[in-house]
Amino acid sequence: MNIFEELGEKNTVFKYKKYLDHRFLPDKLPHREDQIRSVAKYWIEALNNVTPPDITIYGKTGTGKTAVAKLAKKQLLQVAKEKNVNVRVEYVRCTDYTTEYQVIAHLCQQMGQNVPYRGWTKAEVIHAFRNLFKKNVFGKDLILIILLDEIDILLKNDGDGLLYTLTRTDNVAIASISNYVEFKKFIKPRVKSSLRDREIVFPPYNAQQLVDILKERAELSFKEKVLDDDVIPLCAAMAAKEEGDARYALDLLRTSGELADEKGTDGVLEEYVREAKDYIEHNKVTDIIMTLPSQQQKVLESLLYLTKRKEEITSGRLYEVYKEVSKGDSVSYRRIFDFINELEMLGLISTKTVSRGRGKGRTNIIDLQCELNLLEDAMWSA
């Protein structure tokens with residue numbers, strides 16, 4: 001028997017698993033109505049052939065930023081089509097396109113202009129992009145809204161040249177999306193003055209809001225009466241502790257269902273949620289560590305050593321241990337602060353500044369933010 005036919009005949013608790021994927025875009029987003037309205041309030045200008053203001057969307061991972069932007073895009077384009085207004089909204093994930101050249105070449109290709117991803121000068125690519133805004137055969141100006149998701153990645157990698165170009169291109173509006181509230185520190189004053197963005201902040205979901213989201217998705221995804229009563233509340237409670245991360249809540253629920261299938265049971269039990277949590281967190285930490293540069297892995301190894309010894313971890317003490325771990329292949333003390341900031345952004349550590357009292361100054365104290373056994377397993381498997 002064909003292996004895929006055999007597996008396809010196995011009993012499953014799912015109807016349609018795709019609805020538990022965080023990339024699925026539903027027709028409505030519970031508890032994000034205010035944020036959708038805020039985006040629409042600015043973008044409605046495009047329907048009057050006026051370039052909308054730039055906006056910046058902030059919020060922790062899993063707070064619905066990208067989903068809101070994409071739903072607003074979908075609804076704007078529906079109305080623009082009805083009104084015969086020449087509006088385009090292009091989505092760019094800045095983890096895929098990490099330089100100004102790549103982003104502009106991608107935009108050109110999306111809009112029908114054949115621009116290569118390498119080989120042209122930056123000036124040639126920008127010229128090709130700006131040519132797209134000449135009046136079309138009906139004499140209608142094009143209004144382009146560009147969604148730059150995870151823009152902080154691009155700014156750290158390539159500087160603010162892209163924003164400089166886009167803010168100086170007529171009929172272009174930028175919607176920047178970031179988990180990192182302080183990403184504007186990567187933008188020079190001359191570009192900030194042109195950006196003049198409106199800010200929309202996405203708060204974390206609370207446990208009850210996550211219950212509402214999971215119930216809607218569960219009805220689409222699972223067969224009737226396969227979920228124990230405590231499964232959705234437990235997924236929501238665990239995700240609420242993870243700063244209200246809806247992606248994490250969905251991942252917990254989906255993985256719990258997959259565990260039920262693996263075990264051959266007819267229902268999803270509360271204990272499967274706890275197993276799913278361990279599985280997800282182990283994979284998450286391992287994935288992060290596998291992609292870290294070797295020097296940052298050495299910093300983590302030093303943090304692990306100090307934590308197991310129950311020492312207070314200051315940046316000075318960390319640097320001492322890091323130099324021992326590095327065995328001569330170490331970076332400067334100043335560079336260690338960059339590593340600490342990056343590890344904090346990834347959620348692996350936290351830092352706090354404490355005062356030592358009059359005349360003794362202030363000190364940064366560093367703490368690990370994941371379970372020691374998870375980190376240790378991930379370090380050695382990396």
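For this chain, numbers begin at 1 and follow the sequence in order.
Under the 4.5 Å side-chain heavy-atom criterion for ILVMFWY residues, a single connected hydrophobic cluster contains both V87 and I55. L29 and L210 sit in two unconnected hydrophobic clusters of ILVMFWY residues. Membership requires side-chain heavy atoms under 4.5 Å apart, directly or through other members. Transitive grouping of hydrophobic side chains (ILVMFWY, heavy atoms separated by less than 4.5 Å) keeps L234 and I213 in distinct clusters. Both V325 and L292 are assigned to one and the same hydrophobic cluster, defined by single-linkage of ILVMFWY side chains at heavy-atom distances under 4.5 Å. Note on V321: it clusters hydrophobically with L303, by side-chain heavy-atom contacts below 4.5 Å among ILVMFWY residues.
Under the 4.5 Å side-chain criterion, counting only non-hydrogen atoms from C-beta, Y16 is not in contact with L220. The closest side-chain heavy-atom distance from Q296 to I289 is not below 4.5 Å. Residues T99 and N157 have side chains in contact (heavy-atom distance under 4.5 Å, counting atoms from C-beta outward). Looking at N49 and V85, their side chains come closer than 4.5 Å, going by heavy atoms from C-beta outward. Counting heavy atoms from C-beta on, the side chains of I174 and T167 come closer than 4.5 Å. Residues L148 and I177 form no side-chain contact, since every pair of their non-hydrogen atoms from C-beta on lies 4.5 Å or further apart. At a threshold of 4.5 Å between non-hydrogen side-chain atoms, the residues L154 and Q102 do not count as touching. When side chains are defined from C-beta on, I336 counts as touching V331, because their heavy atoms get closer than 4.5 Å.
No side-chain N or O of D251 forms a donor-acceptor pair with one of H22 less than 3.5 Å apart. Side-chain contact of T56 with E199: a donor-acceptor pair under 3.5 Å is absent, judged by distance alone. A donor-acceptor contact closer than 3.5 angstrom links the side chains of T12 and D261. Residues Q295 and Y322 bring a donor and an acceptor atom of their side chains to less than 3.5 Å of each other. Donor-acceptor pairing under 3.5 Å is recorded for the side chains of T165 and E100. Using modelled atom types and a 3.5 Å distance limit, the side chains of N86 and D141 yield no donor-acceptor pair. There is a side-chain donor-acceptor pair under 3.5 Å between E281 and Y248. Checking D149 against T66 by side-chain atom types alone, a donor-acceptor pair falls below 3.5 Å. In the model, S315 has no side-chain atom that pairs as donor or acceptor with a side-chain atom of N364 under 3.5 Å.
Ion pairing between a basic and an acidic side chain is recognised when a charged N comes within 4.0 Å of a carboxylate O; D245 and R247 show no such pairing. Salt-bridge formation is detected for the pair R93/D96: a Lys NZ or Arg NE/NH1/NH2 atom is positioned less than 4.0 Å from an Asp or Glu carboxylate oxygen. Taking a cutoff of 4.0 Å between a charged side-chain nitrogen and a carboxylate oxygen, E216 and K28 qualify as a salt bridge. The existence of a salt bridge linking K184 and E182 is excluded, since no basic side-chain nitrogen approaches an acidic carboxylate oxygen closer than 4.0 Å. Taking the charged nitrogens against the carboxylate oxygens, R274 and E270 do have a contact shorter than 4.0 Å, which makes a salt bridge.
Under a cut-off of 6.0 angstrom, the local environment of NZ in K223 is crowded, with over 12 non-hydrogen atoms contributed by other residues, nucleotides or ligands. No more than 12 heavy atoms of other residues, nucleotides or ligands shown are found within 6.0 angstrom of CG on D27. In the displayed structure, N373 atom CG is contacted under 6.0 Å by more than 12 heavy atoms of other residues, nucleotides or ligands. For L25, the CG atom counts as densely surrounded, since its 6.0 Å shell holds more than 12 non-hydrogen atoms of other residues, nucleotides or ligands. Environment of NZ in K192: crowded, with over 12 heavy atoms of neighbouring residues, nucleotides or ligands closer than 6.0 Å. Dense packing is recorded around NZ of K263, with more than 12 heavy atoms of other residues, nucleotides or ligands lying under 6.0 Å away. R335 CZ: more than 12 foreign heavy atoms inside a 6.0 Å radius.
Rounding to the nearest 0.5 Å gives a distance of 12.0 Å between CD of Q78 and NZ of K73. Summarising the geometry, atom CD1 belonging to I187 is positioned 12.0 Å from atom NZ belonging to K185; distances are rounded to the nearest 0.5 Å. Here the OG1 atom belonging to T98 is positioned 12.0 Å from the CD atom belonging to E150, to the nearest 0.5 angstrom.
By the 6.0 Å and 45° rule, R118 does not stack over the aromatic ring of Y101. Taking the centre and axis of the six-membered ring of F24, the NZ or CZ atom of R217 falls outside the cone set by 45° and 6.0 Å.
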**OP:** Start with the C-alpha distance between E376 and K308, add both sets of side-chain angles, then the distance that settles salt bridge (Lys or Arg N to Asp or Glu O under 4.0 Å), and finish with yes or no.
**Re:** CA-CA 11 Å; E376 202 163 18; K308 290 175 75 172; 2.6 Å; yes

**OP:** Walk me through it: do K122 and E124 pass the test salt bridge (Lys or Arg N to Asp or Glu O under 4.0 Å)?
**Re:** CA-CA 5 Å; K122 189 183 291 187; E124 287 173 327; over 6 Å; no

**OP:** Could you walk me through whether K15 and E224 pass salt bridge (Lys or Arg N to Asp or Glu O under 4.0 Å), step by step?
**Re:** CA-CA 9 Å; K15 287 190 299 187; E224 288 187 16; over 6 Å; no

Original post:
Given the rule in the side chain to side chain contact (heavy atoms under 4.5 Å, CB included) test, do H106 and V92 qualify, once you have shown the distances and angles that lead to the verdict?
Top reply: CA-CA 8 Å; H106 174 67; V92 180; 4.0 Å; yes

**OP:** Determine, stepwise, if the pair F129 / V172 fulfils side chain to side chain contact (heavy atoms under 4.5 Å, CB included).
**Re:** CA-CA 11 Å; F129 174 66; V172 170; 4.3 Å; yes

**OP:** Tell me, with the steps shown, if T314 and Y319 meet side chain to side chain contact (heavy atoms under 4.5 Å, CB included).
**Re:** CA-CA 9 Å; T314 63; Y319 190 63; over 6 Å; no

**OP:** Would you check, one step at a time, whether the test side chain to side chain contact (heavy atoms under 4.5 Å, CB included) holds for I151 with L163?
**Re:** CA-CA 10 Å; I151 188 174; L163 294 182; 3.8 Å; yes

**OP:** Determine, step by step, whether R317 and E312 satisfy the salt bridge (Lys or Arg N to Asp or Glu O under 4.0 Å) criterion, reporting the C-alpha distance in whole Å, the side-chain angles of both residues, the deciding distance to 0.1 Å, and the verdict.
**Re:** CA-CA 8 Å; R317 178 64 178 136; E312 181 182 71; over 6 Å; no

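Taking both residues in full, the closest heavy atoms of H31 and D212 are given as NE2-OD2, 2.8 Å, listed atom of the first, atom of the second, then distance. When all heavy atoms of A207 and A236 are compared, the closest pair comes out as O-CB, 3.5 Å. Nearest heavy-atom pair across L142 and F133 is O-CD2, 3.8 Å. Taking every heavy atom of both residues into account, T51 and N171 meet most closely at OG1-CA, 3.2 Å. Nearest heavy-atom pair across L195 and D54 is O-OD2, 2.9 Å. Shortest non-hydrogen contact noted between R198 and P53 is NH1-CB, 3.4 Å.
Between Y180 and F186, the ring planes lie tilted relative to each other; the angle falls in the 30° to 60° range.
With sequence neighbours left out, F337 forms a ring-ring contact (aromatic ring centres under 6.0 Å, His included) with Y333.
Under the side-chain contact (heavy atoms from CB on, under 4.5 Å) test applied with W120, the options I126, I104, V125 reduce to a single match, V125.
With ring centers used as reference points, F222 lies under 6.0 Å from F14.
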